[in-house]
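Hydrogens, waters and symmetry mates are skipped; everything else that's a heavy atom, side chains included, is used. Just so it is clear: chains get the letters A, B, ... in the order the sequence lines come, proteins before strands, and each one is counted from 1.
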Amino acid sequence: MTLAIVPVGGVVASLIQLVLVALGGPLLVGLMAKVKARAEGRVGAPIGQPLRDLRKLLTKERLHARHASVVLALAPMVIVASAVVAVAISPLVSTHPLLGSSADILVIVYLLLTGSAAAALGGLDTGTAFGGMGSSRAMTIGALAEPALLVAVIALSIQSGTSNLPRIMVDTLAHPDWVLAPSRLLALGALLIVVIAETGRIPVDNPATHLELTMVHEAMILEYAGPELAMVTLGEAMRLGLLFSLVANLFLPWGIATHATALSLLGATASLIAKTVLVALGVALIEVRSAKLRLFRLPELLAGGFVLSVLAVVTGLVTR
Amino acid sequence: MLIIAILLIPLIMTVVAASVPWRPWVGWATAASSGAFLALGVALSVATMSAPQWALHHSFRADSLSAFMVIVIGAVSLLATSFTSRTMRQEMESGATTARYARHYAVLMQVFITCMLSAVLTANLGVLWVSIEATTIATTFLVSHRRTDAAFEASWKYVILCSIGIALAFLGTVLIYYAQLHASGPVHSSSLDWTSVMSVAHHLDPNVTRLAFALLVVGYGTKVGLVPMHSWLPDAHSQAPAPVSALMSGVLLSVAFYGLLRFRAIAVAALGPVFPRALLLVVGLVSLLLATVMLIAQRDLKRMLAYSSIEHMGLLAIGAAVGSPLAIAAVLLHILGHGITKAVLFLSSGEIYHLEGSTEIDKISGLLARRPTLAGIFGFGVLSLVALPPFSLFVSELTMARAEVDAGLWWVVAISLGCLSVIFAAVTRHTRQMLMGAASVGSSSSPLSVSVALPLISALVACVALGVLAWPLQSLLTHAAQGVLP
Amino acid sequence: MFLAALSICASAAVMAAVLPRRPRVVVSAALGALGCLLASGVALRILLTGETLAFHTSQVLPVTGFSLTIDPLGAWFILVSSFVGAAACVFNVGYAKGAMASRSALSMFMLFIVTLLAVPAASSVMTLMFFWEMMALSSWLLILTDQTRHPDARSAALWYGAMTQAGAASILLGLLVMTSHGGGQSFADVSAHSLALSGVTRSFAFVLVLLGFASKAGAVPLHVWLPKAHPEAPSPVSALMSSSMVAMGVYGIIRVGEDLLHGGTVWWWIAVALLGVVSALYGALHATTSTDLKRLLAYSTVDIIGLVLIGVGAAGALADNAQPVIAHLAMTAALMLVLAHAAFKGALFLAAGAIERATGTRNLDLLGGLIHSMPVTALVVVISAGAIMAVPTLSGFSSEWLLLQGLLHGFRVASTPTVIVMLLGVIALALTGGLTAVAFVKAFGIGFLGQARSTGAATARETSTSMRVAMGWLTIPSVVIGVVPGLFVPLLNRASSSALNASVVSPLTRDTGVVVSKLGGAIEPAALLVGLVAVMALLWAFTQSLTQRRARRVDAWGCGRELQTPRMQYTATSFAEPLQRVFADVLRPQADVEVTHVAESRYYEQSLMYENRIVDVLEARGYRPLIAVTMRLGRQARRLQNGSINRYLAFGFVALLVVLVVVG
Amino acid sequence: MSTTYIASLELASGAVLLSAVMTLWRRGVRSIVTMLSLQGIALAAVAMVLALHEHERALLVTGALVFVVKGLVVPTLLRRVSRLDPRSRESRPLVNVPASLVFAAVLIVLAYVVGTRITSLAPSHATHLAPLGLATVLVGYFMLVTRRRAVSKIVGLILVDNGIALVTFLLTSGVPLIVELGSSLDVLLVVVVLQFLMVSMRHHSDTDQLTEMKALHD
């Protein structure tokens, strides 16, 4: 039974994944900022800058808005916790992470959705105009992006007939020809759009803006400060890391450890880093080459992503 | 003996009411007499379970169907006559009537009831016709009781239309008699007795019987309130005093329908089921459709109730068209349920009229806030009328529908259920207009007196009991249905 | 035993009618809750043992007789009704005031509960129709409870009454068509004879029945009454209507299609699933843009029932494609979702009632900040909204996951139409997931967070104990089904086998989580919950360890704005505005902007009025014209009876001539 | 005997129909009532002739009754009404007189067609004349439909009734006496009722509303 929970190996694999994503997520953000800066002819901040920001934020004082409730304090924890659990059970380094049997498409997508919802509630909790605006926009984008994500991943699951992510990867490893199947390529296109939307990159959102009319995510977390802001930022970075590495692994699973030996885990770690950095570079290039879309043009993009994913499923059903 | 007693009670009461000047106790006495013959009717129904009863040298005959009709007449007239004193007092207070006309009213009510009783108890189809025709004369004066222009107009239309209709029924009866005289069968009989006609029914000439039955359907259909001769009904019902409307709508229509049921049995025996079924179906469906469209934008409360009577008579005709034992049993249950319900509604609408001075639907509102008991009675009456459970009309309509589908007439059920849905929406919309809404300023909220509320509430409770419990009527209904099966 | 439960509830109705005001509420609630619990017990025993209870008497209901039979399928729905019924009874103790505490309203309420328990048990056409119509009647009258204060209730009741009657007529006709060739009208007879009917007849009957039941279940486009009627009813009634009564529609479809008609043909179920897809999307979309809290919940009911219908339709289609195991899976998902929905929607409606009692409004645009004044209600709403948003480890998630499993595995069927329906189901599931999240983030975020937007919201206080207990009771399934769905697997297996009329080896194995054996799917919500809680605890400890001080309260920054009033917050309308724009073609919002300028200059505005309405486009385009045509017909028909006696006589004369020509 | 019987039967029956058509033709109330009276007498003659031919004592009684009621009493009542209301000429019928007569002809043909189906059951001299009665019914009904005045309505009703009586006599030589008695009394009563109504209405309201009673409608 390949799906059996392998306690020791699984725990190790999950821990590796957690550490990789928790550190790697912010580093990826830094990397992408660096790439953008270079492309624009600037030097840019060091790649490790996001990590330094996080450390600095952790030492700051905790500030709560006057009308805020316990939600404001809980939301960052939910964001991080949902990301942590999602990362821990996803097949990133090993196909047998802790609770890998539950690493279902729906679990991952809805864990991410839970995080988004928590963030949106956090934005609404302070009772300011900007928080509500950010929440509203973020939820709108999420409402359109999550379905596309779900359907795109389902497109990948058709050949193996399961919605369990580790099993999809195992099956893909066994059938290398699946990788170039048209449905997979369509799904890849859809997933890239979704990932950009989910992680708030240009052209969907500009992580660097504080211009009130354009910001989405930044508006939502405007009232956060100190350790809580650190958690929100970390959570977002982890989501980004998770999505990038999942996309990489779903399309190119090679290198992932199918056995819990130290060597294979090491190799898997290295290959994961390489694959994910590739994806990040790709996304960064897209960011460089495009301008942010108007908010109300976004649905067109996301609808495009959704249609792509549906097409992927249909193609998958036709060609199986 | 029972039959004679049943006929004598209202007859004696007629004489009493005619011979003494109007006093409120006369009203109560009429109610008591209704109660008395209702009780005798129950006894009669028990007696007829074993064999039909005869009286006065075979002039009167009662089978279970007659007994059942006596119960219907008794129940509704008990309700209606228990309002006699009250209605007369109200009308005298408002100057609408005098003691003299109150006396007329009491006498005519008794004549009316006696005629109906004799219609269902007579053995002779000719006398059945005479009795039903006689009800026309009695009720004409009752309709014009208020002596307003509108009341005269209504009773004028009523008497003209009903006379012409019932004349056609007479022609039909004559033709049946003619066919009976020349029946080809082994038995010869020359009286219009139900039993003797039935004994040769299989040998009646089809051509003559067909025409006769068609004339009878149009003719008695006039009194039943079936299209195309229904037009008197809304006018007469809206102008008559509430208890009269209650009696007319509650039982007079059904008594005429009883005549149709009898003749249907003859026609089915002579012609086979197809022609009577087709004819009754057409008439019933057209009545139902007409009632539906007329109810949609109805503006008058009592006219609404009148059209609802046409609707229910249409349903009865459709049920009779099927003619299976199940259908007839349901038809009979429907007759009783409709009679009681309609009586309750007309009587409570009389109270509403007394309160509001109008029966225009748009002019009445917020009754529930002002007169909770009266509005509640009316509201539940409407619920019963639109055949919601636990009221008995629900069971009877469902059973009729079942019998109709069993007979392969699912399309008829589809049409009638469609009509009933529209009627439901229309009637509840009108009722909502009257019952709901805030109480208007300065309106009083005095409670309804017990003498009014008690009969109406117990009538509704009776409807519920009939709808939920099987034992009081089950065997009587099936037995009575056997009586009009060919 | 079940009869005892029914009679206890019925006696509650009687008590409510006779007792004086104060004890009336408490006694009827106690009896009602007791009856419901008893019924729950009976249902549970049947689900555990698989036995079937039957009862028949010919002394009740004239001419037709009265029969009750409870099989596991019925028992599941009785469980749903009785569980919510008990909560509604308890809630009503605190809630009943004014009109809702009147004799008539209370006894109708208890009667409503009786019928909800009895409908799944009825086992003959007449018995079913009796209780079905009683259910319609009692709920219909209950909507009118507060009609003096809420004029909208009258129009809502009219819509509901008309549609439910038309639906009942359709159901009745369909059932009668089924009985017409089989002899008896008991379900056993119908089931035994239905295969002898011709295919066309069976399809005709099913379509009729489907129309009626789908209308009760609130399937688009037969849903228009639902968003009107559910909000207008008193909250305990709304809770029952939205959780149990709509489930009766689902029950009817399963009972007739699978049991009485033995599964029929594939396209029936494809039609059911398509209804589900349309309902789910339409409901979810309208839920996101509703600002009336109860209307939002009502549309969300349309959404969730859509998902249930997708499951039922998928199950039927798969069973007809000779995939009994996957069919079982889909049916199980649908049934689980019914229970989950009943609990969380019941809780949310009760909470909406609590909010309405506390603030005097249910308009989200006037609420805000309630989490401070009503923490328990807020917790209930968070849990239930989380369940409805399918947050992992809550009930909605477990159910939707099962549904997705069923649909995904349905892909392996060869028949193209079925696969397309599965695909549409998956798409609907995905899209509604996102939209539902928006709707309920909005509902909780705008209603409970931020600052109060009206004095009513500012002065709100927590509700009474009985109301809190009832709401808490209804959150139990949301958590239990979510965390240990495996507990329900044996019960669901029985109900689902009974529903599909087939005893297959269930693909579901019992565990703390749910494992779909052989099909390669599993979730362990309990473990996920442990993980989530552990991480959160660690994070909490970590943040506490950074500084010893509590968080300092400061004014919100708001990009440096000095003045920040509650009026500057995003409202429910503005929150949903982006989505409303995205889906403008479907929603067709109507917006009016009225600008009044000051007299001196056109460049300065004195006042600005903005009004945004979303009417149900299906109602406006589909139903209104129909009503207009009917009304016109009614008005024109009046000319028939114009008062002329000559015309009346002519009617008869023409009839006479026709008779003579035809007959003579 | 036989030819006399046939001739007198045909003459009397024809007179019934003829007087019905005449009422359609005439406009003055007085002449219409005269026609009605003639019709009643002819009807009584039919009954008498049949009674003599078939030796039916009951029918003889009926004939006498018909003579009294329809030949004398009813016309007298109607004359009293018409004296009350001298203006009651049928001045503007819904269908004008020539067209009415043409239509009456059509109705008579229809009655004949239908009638033959009935008479074929028991062909005899008497039954062969039954279509005349049917035609009278139709003409009477036609009068009811097309004439506006109240008196005309009563006349139409009586015509229908006479027609039915004619059919009854010719087809069956009379229904059982009790029925016949009842029906005759009923007709009388109806006329009385109608008269009462007319008189009360006239007393009640000044204007002559009888022609256009359209207060009650939907």
Non-hydrogen atoms of chain A under 4.5 Å away: do they reach the side chain of [X], the backbone, both or neither?
{"X": "C:F542", "value": "side chain"}
{"X": "C:L528", "value": "both"}
{"X": "C:S574", "value": "backbone"}
{"X": "C:L429", "value": "backbone"}
{"X": "C:L532", "value": "both"}

ask   = What residue in C:G433, C:G531, C:A378, C:A556 has the most heavy-atom pairs under 4.5 Å with chain A?
value = C:A556
remark   = Most heavy-atom pairs under 4.5 Å with chain A, out of C:A551, C:G434, C:A437, belong to C:A551
For [X] and [Y], work out which heavy atoms get closest and say how close.
{"X": "C:Y570", "Y": "A:S136", "answer": "CE2-CB, 3.6 Å"}
{"X": "C:L539", "Y": "A:A81", "answer": "CD1-N, 4.3 Å"}
{"X": "A:Y110", "Y": "C:P392", "answer": "O-CD, 3.6 Å"}
{"X": "A:L121", "Y": "C:L449", "answer": "O-CD1, 3.3 Å"}
{"X": "A:L113", "Y": "C:M389", "answer": "CD2-O, 4.3 Å"}
{"X": "A:I154", "Y": "C:L404", "answer": "CD1-CD1, 3.9 Å"}

query = Relative to chain C, which segment of A:V107 carries a heavy atom at a distance below 4.5 Å: side chain, backbone, both, or neither?
reply = both
task = Let me know if A:S135 has heavy atoms under 4.5 Å from chain C in its side chain, its backbone, both or neither.
result = both
Pick whichever of [options] has the most heavy-atom pairs under 4.5 Å with chain C.
{"options": "A:L149, A:V85, A:I141", "result": "A:V85"}
{"options": "A:E146, A:E61, A:E228", "result": "A:E61"}
{"options": "A:L317, A:V84, A:L150, A:V313", "result": "A:L317"}
{"options": "A:A68, A:G122, A:S102, A:A143", "result": "A:S102"}

Should [X] and [Y] count as side-chain neighbours, where that means a heavy-atom distance under 4.5 Å?
{"X": "A:L99", "Y": "C:E524", "value": "yes"}
{"X": "C:M568", "Y": "A:T128", "value": "no"}
{"X": "A:M139", "Y": "C:L579", "value": "no"}
{"X": "A:V71", "Y": "C:F444", "value": "yes"}
{"X": "A:L124", "Y": "C:I446", "value": "yes"}

Please answer whether the main-chain N or O of [Y] pairs with a side-chain N or O of [X] as donor and acceptor at a distance below 3.5 Å.
{"X": "C:H372", "Y": "A:H67", "result": "yes"}
{"X": "A:R62", "Y": "C:R552", "result": "no"}
{"X": "A:T114", "Y": "C:V391", "result": "no"}
{"X": "A:E223", "Y": "C:W557", "result": "yes"}

Spatial distance of atom [atom1] ([X]) from atom [atom2] ([Y]) [nearest 0.5 Å]:
{"X": "C:R553", "Y": "A:L63", "atom1": "CZ", "atom2": "CG", "result": "11.0 Å"}
{"X": "C:L408", "Y": "A:S160", "atom1": "CG", "atom2": "OG", "result": "10.0 Å"}
{"X": "A:I158", "Y": "C:R412", "atom1": "CD1", "atom2": "CZ", "result": "12.5 Å"}
{"X": "A:L106", "Y": "C:Q405", "atom1": "CG", "atom2": "CD", "result": "8.0 Å"}

request  = Walk me through it: do A:T140 and C:E577 pass the test side chain to side chain contact (heavy atoms under 4.5 Å, CB included)?
outcome  = CA-CA 9 Å; A:T140 304; C:E577 205 267 350; over 6 Å; no
